[in-house]
Each structure stands twice: as structure tokens, then as C-alpha cells.
Amino acid sequence: MNNAPQSITELLERAQAIAGLSLQELANQVQIELPLNAKKEKGWTGQLIELSLGATAGSKPIQDFPQLGVELKSLPIDRSGRPLESTYVCMTQLLHAHGETWQQSSVRNKLSHVLWVPVLAERSIPIAQRIIGHALLWSPDKEEEATLRQDWEELMEAVAFGRVDEITARHGQALQLRPKAANSKVRTQAYGRDGQLIETLPRGFYLRRSFTQALLEKHFANLS
DNA sequence: AGCTGATCATAA
DNA sequence: TTATGATCAGCT
């Protein structure tokens with residue numbers, strides 16, 4: 001099961017096969033240990049699912065299934081099927097904001113085809129007992145794409161004009177720019193108001209919970 | 001309760 | 001250092 005899926009169909013079959021399993025059962029299947037301190041190994045569930053489905057990209061800034069053009073995202077949900085958290089998309093290129101277009105952006109690249117794997121993951125449920133849900137292969141519809149593009153363009157324009165330090169998580173309808181670092185002391189370079197280099201916190205793009213929630217609701221509406 | 005800013009582990 | 005996988009936890 002650790003080889004990369006050769007087709008979308010094969011990927012979907014693998015995703016279907018793990019639906020309903022607990023993380024304990026899935027970990028047994030791929031022979032990895034559950035984390036001793038799940039609070040600290042925040043990415044463990046996502047990596048377990050990557051391993052189970054045969055994702056290969058590692059920590060490279062590309063899609064999880066480059067051959068298929070598909071990005072994999074685990075999505076923690078509550079028992080009502082509502083997302084519990086925002087979704088990390090990718091790092092923000094603070095020095096190359098000028099001239100980059102939405103079409104060539106890594107946000108669009110990552111989000112053009114996403115295999116969402118919901119996981120029932122309320123904090124009260126021990127990690128071993130959390131349950132894999134039914135995966136959903138999604139592409140943004142016209143409206144979603146327009147919203148994402150508008151957010152991205154506004155945020156990247158601010159970055160390009162040296163205003164990254166003025167951006168907060170309150171900006172963006174669907175897409176947010178938020179800190180993405182080991183801690184708040186980490187610094188990377190960006191441009192300041194006068195075009196000079198400044199040191200600032202690394203940022204990443206995130207999807208708001210409301211956006212992923214709406215996307216799931218649309219999917220379920222289409223099923224009925 | 002939900003959201004924003006902060007944080008944790010790991011690989012190359 | 002920068003990227004991946006994300007969730008934590010305090011504040012409003």
C-alpha cells in the first residue's frame with residue numbers, strides 16, 4: 001500500500017478502503033506507532049493518511065500526488081461533520097510577490113484538486129479512537145475560485161507593497177495569511193514600506209473553517 | 001464558542 | 001532555513 005497510486009480511480013479506491021477505520025486500526029495496517037504525546041505531534045494524522053494512500057511528496061512544496069495533480073488534506077471534523085480547524089495550504093513567498101499571478105501561484109496549484117479526508121477528531125476523543133471518514137475529491141467551483149483569487153490578490157498585493165506586517169488573520173474571506181513558524185521569534189525576509197528588506201515572521205496561507213465547511217455542505221447537498 | 005496568533009515535530 | 005504535516009491555547 002505504500003506505492004503511489006497510478007490513477008485517480010486507484011487513489012479513490014484506497015481512500016474508500018480506509019473510511020470507517022480508527023486511527024489505531026490504520027496505524028496497525030501500515031505498522032506505525034501511535035504518538036505518545038498527540039498534542040505535540042500535530043501532523044501525525046495527516047502523515048498517517050499520506051502513508052496509507054501512498055503519497056510521496058514528503059516536505060517538498062508540491063502536490064502530494066504530483067503525477068495525478070492531487071493534493072491530500074486531512075480535515076478534522078466534529079460529529080456533525082463540521083470542520084474543527086482552519087486548513088494550512090502553503091507558505092507565502094514574501095520576496096516574490098511582485099509579478100506572480102494567481103494562475104501560477106502555489107495556492108492555486110495546491111487547491112486545484114484536493115482529496116479531503118475528514119477525520120472525526122474532537123479533542124475529547126483519544127487519537128487512537130478517531131475515525132477516518134469518506135474522502136471527497138474536490139475542485140473549486142467558479143465562485144469558490146473567484147473568492148480565493150480575490151483574497152490571494154489582495155493579500156499578495158499588500159505583501160508586494162511592503163505591508164506584510166499590517167496583514168492580520170482578519171483579512172480575507174476564504175483565505176487567510178497567518179504566522180507559520182516554530183514560534184513567534186522566527187524571522188525571515190520581506191519588503192518594508194520603502195522597499196527596504198525587513199525581518200518578519202514567516203507566513204502561510206490558510207483556508208478559513210467557514211470555507212471548508214461550505215465546501216463539505218455543497219458536497220453532501222449534491223449527494224442527496 | 002470561535003477566531004487569531006503561537007506553537008510542535010520532522011525532513012531535506 | 002524553509003518546507004511539510006497541522007493543532008494548540010488564550011483572548012474576545
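By convention in this document, chain letters (A, B, ...) are assigned in the order of the sequence lines, proteins followed by strands, and residues within each chain are numbered from 1.
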Trainee: Below 3.5 Å is the cut-off: list the nitrogen or oxygen pairs between protein and nucleotides 10-12 of chain C, distance only.
Mentor:
none

Trainee: Reading nucleotides 5-12 of chain B from the 5' end, what letters show protein touch, with B for base, S for backbone sugar-phosphate only, - for no heavy atom under 4.0 Å?
Mentor: BBBBS-B-
Trainee: Want to settle it: does A:Arg130 or A:Val186 sit nearer the 5' end of DNA chain C, counting the closest nucleotide to each?
Mentor: A:Val186
Trainee: Judged by modelled atom types alone, do A:Glu217 and A:Gln213 share a side-chain donor-acceptor pair under 3.5 Å?
Mentor: yes
Trainee: Ignoring hydrogens and geometry beyond distance, is a side-chain donor-acceptor pair present between A:Glu41 and A:Asn37 at under 3.5 Å?
Mentor: no
Trainee: Once you apply a heavy-atom cut-off of 4.0 Å, does A:Pro76 come out as touching a base, just sugar-phosphate, or nothing?
Mentor: sugar-phosphate
Trainee: The side chain of A:Gln93 is closest to which nucleotide in this list: B:dT4, C:dG5, C:dA3?
Mentor: C:dA3
Trainee: Apart from A:Leu120 itself, which Ile, Leu, Val, Met, Phe, Trp or Tyr residues share its cluster (side-chain heavy atoms under 4.5 Å, direct or through members)?
Mentor: A:Ile125, A:Ile131
Trainee: Apart from A:Tyr206 itself, what residues make up its hydrophobic cluster when side-chain heavy atoms of I, L, V, M, F, W and Y under 4.5 Å apart count as a link, directly or indirectly?
Mentor: A:Tyr88, A:Met91
Trainee: Once you apply a heavy-atom cut-off of 4.0 Å, does A:Asp64 come out as touching a base, just sugar-phosphate, or nothing?
Mentor: sugar-phosphate
Trainee: Less than 4.0 angstrom from a charged side-chain N to a carboxylate O is my criterion; do A:Lys73 and A:Glu71 meet it?
Mentor: yes
Trainee: Please determine if A:Glu166 and A:Arg193 form a salt bridge, counting it only when a charged side-chain N lies under 4.0 Å from a carboxylate O.
Mentor: yes
Trainee: Can you find a side-chain donor-acceptor pair between A:Gln104 and A:Glu100 that sits under 3.5 Å?
Mentor: no
Trainee: Is A:Tyr88 close enough to C:dT7 that one of its side-chain N or O atoms is under 4.0 Å from OP1 or OP2 there?
Mentor: no
Trainee: Heavy atoms only, 4.0 Å cut-off, all strands: where does A:Gln63 land among base, sugar-phosphate and nothing?
Mentor: nothing
Trainee: Can a salt bridge be assigned to the pair A:Lys110 and A:Asp64 using a cut-off of 4.0 Å between side-chain N and carboxylate O?
Mentor: no
Trainee: Using a 4.0 Å heavy-atom cut-off across all strands, classify A:Gln213 as base, sugar-phosphate, or nothing.
Mentor: nothing
Trainee: Regarding A:Thr87, tell me which of base, sugar-phosphate or nothing describes its non-hydrogen contacts under 4.0 Å with the strands shown.
Mentor: nothing
Trainee: Using a strict heavy-atom distance below 4.0 Å, which residues from residues 110-127 of chain A are in contact with DNA chain C?
Mentor: A:Lys110, A:Arg123
Trainee: For A:Arg178 and A:Ser86, test the side chains for any donor-to-acceptor distance below 3.5 angstrom and give the result as yes or no.
Mentor: yes
Trainee: Residues in ring pair (Phe, Tyr, Trp, His ring centres under 6.0 Å) with A:His98, at least two apart?
Mentor: A:Phe161
Trainee: Output yes when A:Arg209 and A:Glu85 qualify as a salt bridge under the 4.0 Å nitrogen-oxygen rule, no when they do not.
Mentor: no
